[in-house]
Every structure is written in C-alpha cells, then in structure tokens.
There are 2 protein chains.
Amino acid sequence: MSFNEAFKAIADPNRRKILSLLKKGDLTAGEIAEHFDMQKPSVSHHLKILKQADLVEDRRVGQHIYYSLNTTVFQDLMSWFYDILQKEGDES
Amino acid sequence: MSFNEAFKAIADPNRRKILSLLKKGDLTAGEIAEHFDMQKPSVSHHLKILKQADLVEDRRVGQHIYYSLNTTVFQDLMSWFYDILQKEGDES
DNA sequence: TTAATATTTAGAAATTTGTCTAAATATCTA
DNA sequence: TAGATATTTAGACAAATTTCTAAATATTAA
C-alpha cells in the first residue's frame, strides 16, 4: 500500500528537502527542523508522513530521535519511472 | 517551475494511470476517459494538470484531442531520485 | 445553418492537506 | 523527584484538491 503513499509523500517540496538533507547523513528531528521556517510540530508531521511511506526510518537515542533514509521504496518509485520511459514493444 | 508541479501531478493515482495508458500510444480524451469511472470533466481536469506539468502534450485532430507523453520532464524527475540514491561522497 | 459529437470551462460541495498553538510524553541531569 | 530539553500528539483552521453537474466551445456532417 505504500507505493501510492510514497508518491504523495514526495509531492511536497518540504518533504523532498528533508529527504535531500538525510542523503548527507542521519539527523535528529531538531536538526532537520533548523533547516525550515516552519514550527517543529509541522516538521514532525512531515516526518511522520515520510515514515508512514517507508521513505525514512527513525530510532531514538536518548532524548533525540534520529531519522535516516530508507532507500528500498525509492527503488520501487524509480522503477515506475523507468517503466514509463520504456518504449512500447521494447522488451530489453 | 514545473519540477514541483510534475511531482504533484504524479502524486495522484488516476493521473499515473493516464500516463501509463499513454505509454502504449497516443489516445484521445474520450478514449482515456473510457478507462475510468469518473465523469469526463474530471478526466479533463486531470489531463489539464498533466499538461501544465509538461508531462503530456495535446494536439487537436478534428473533433478529437490527442494526448501523448512528453518524456523530457520524466528525465528530470528521475534525476532527483538518482541523486537521492547516490551515496554521500560518491563522486562517480 | 442546424444537429450531433468531443471536449473543456465554470462553479459548487466534500475531502484532504499543511500549518499553527497548546498540551502531552520521553529522556536526561541536578 | 523536579526541572530542562527534545519530540510528538491533539485539535483548529485556511488553503488546496477532487469530483460532480450544467453550460460553453469547437468541429463535423446533414
């Protein structure tokens, strides 16, 4: 079910920015929030949507919650694009 | 400006279905509508959003309007995914 | 020109989404 | 245990989205 959820999740530019930030390494919720003008609860909401779409994972370390990319679903999304770009009848 | 528009456009499952249908060849608005339970004006609305995102092109042929895929923006979207999946420090 | 067909536009209604503030929960440290 | 810090949850609200029906536009054919 998370294929559609993932497409919806990446539709928001703030969430895409979060994913780009995480590309460079894991970050805590607070560190992520520092990169935005939004309030922290809003960032937390976006993180929740990314988590539900299986695009990120979280783990608690003391007071902090670290977020990291989960690349497995990205593969699925890319496959959809790849399939669209295949020409008709191209069996390769 | 159509990078974000394109991501929003593909967030809707009906619109992704339209794109998949067009992969197999150009179709008129009416032919596309036949594949959906929605009313035609709703399909027309989705086609408009895809067109504004530069994901499809249209051309009139008599009474019909044919829609076709425009793959150039797909390349840009895929690049974003590709970039996310690159490991940090991987300069290759 | 009139009627039929194909498609879009306009406008309304219901749902979803993104953001905020206030409050709750979890953890650490004194 | 009490206070400070990190984060999420709850609930409200405005804006955006999706769908519908009715009407408008464009084209063809009689």
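The figures that follow rest on heavy atoms only: side chains count, while hydrogens, waters and symmetry mates do not. By convention in this document, chain letters (A, B, ...) are assigned in the order of the sequence lines, proteins followed by strands, and residues within each chain are numbered from 1.
Across all strands, Tyr67(A) comes closer than 4.0 Å only to sugar-phosphate atoms, never to a base (heavy-atom distances).
Under the side-chain hydrogen bond (donor to acceptor under 3.5 Å, both in side chains) criterion, Asn14(A) pairs with no residue at all, not counting sequence neighbours.
A heavy atom closer than 4.0 Å to some atom of DNA chain D occurs in Asn14(B), Arg15(B), these being the qualifying members of residues 14-22 of chain B. For DNA chain D, the residues of residues 37-50 of chain B within the heavy-atom distance limit of 4.0 Å (strictly under) are Met38(B), Gln39(B), Pro41(B), Ser42(B), His45(B), His46(B), sorted by number.
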All N/O pairs under 3.5 Å across the protein-nucleotides 25-30 of chain C interface:
from, atom 1, to, atom 2, distance (Å)
dT27(C), O2, Gln63(A), NE2, 3.3

Between protein and nucleotides 11-15 of chain C, what N or O pairs are separated by less than 3.5 Å?
none

Q. Between Leu19(A) and Tyr67(A), does a side-chain contact (heavy atoms from CB on, under 4.5 Å) hold up when you go through it step by step?
A. CA-CA 10 Å; Leu19(A) 295 171; Tyr67(A) 282 86; over 6 Å; no
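Sorted by first then second residue, the ring pair (Phe, Tyr, Trp, His ring centres under 6.0 Å) pairs that include residues 4-30 of chain A, not counting sequence neighbours, are Phe3(A)-Phe7(A), Phe7(A)-Trp80(A). Applying the salt bridge (charged side-chain N to carboxylate O under 4.0 Å, His left out) test to pairs two or more places apart or on separate chains, those with a residue in residues 59-72 of chain B are Asp26(B)-Arg59(B).
Val61(A) shares a hydrophobic cluster with Tyr66(A); the chain of contacts runs through ILVMFWY side chains whose heavy atoms sit under 4.5 Å apart.
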Contacts table for residues 39-57 of chain A: side-chain donor-acceptor under 3.5 angstrom, sequence neighbours left out:
from, atom 1, to, atom 2, distance (Å)
His46(A), ND1, Arg15(A), NH1, 3.1
Lys51(A), NZ, Asp58(A), OD2, 3.0

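No side-chain heavy atom of Lys8(A) sits less than 4.5 Å from a side-chain heavy atom of Asp12(B). Side-chain atoms of Ile18(B) and His35(B), non-hydrogen and from C-beta on, never get closer than 4.5 Å to each other. Side-chain contact between Ser68(B) and Leu22(B) is absent, with no heavy-atom pair separated by less than 4.5 Å.
In this entry the distance linking CZ of Phe36(A) with C1' of dC20(C) reads 17 Å, nearest Å.
Nucleotides of DNA chain D lying under 4.0 Å from heavy atoms of chain B occupy a range whose first and last members, 5' to 3', are dT17(D) to dT28(D).
Between the NZ atom in Lys24(A) and the CG atom in Leu69(A) there is a gap of 11.0 Å [rounded to 0.5 Å]. Once rounded to the nearest 0.5 Å, the distance linking NZ of Lys23(B) with CG of Leu21(B) reads 11.0 Å. For the atom pair Gln75(B) CD and Thr72(B) OG1, the distance stands at 8.0 Å (nearest 0.5 Å). Separation of atoms CD1 (Ile10(A)) and CG (Leu77(B)) is listed at 8.0 Å; rounding is to 0.5 Å. Here CZ of Phe81(A) is found 10.5 Å from OG of Ser79(B). Values are rounded to the nearest 0.5 Å.
Toward the 5' end of DNA chain D, the nearer of the two residues Ile65(A) and Lys8(B), judged by each one's closest nucleotide, is Ile65(A).
Nearest approach of Arg16(A) to Asn4(B), heavy atoms of both residues: NH2-OD1, 2.8 Å.
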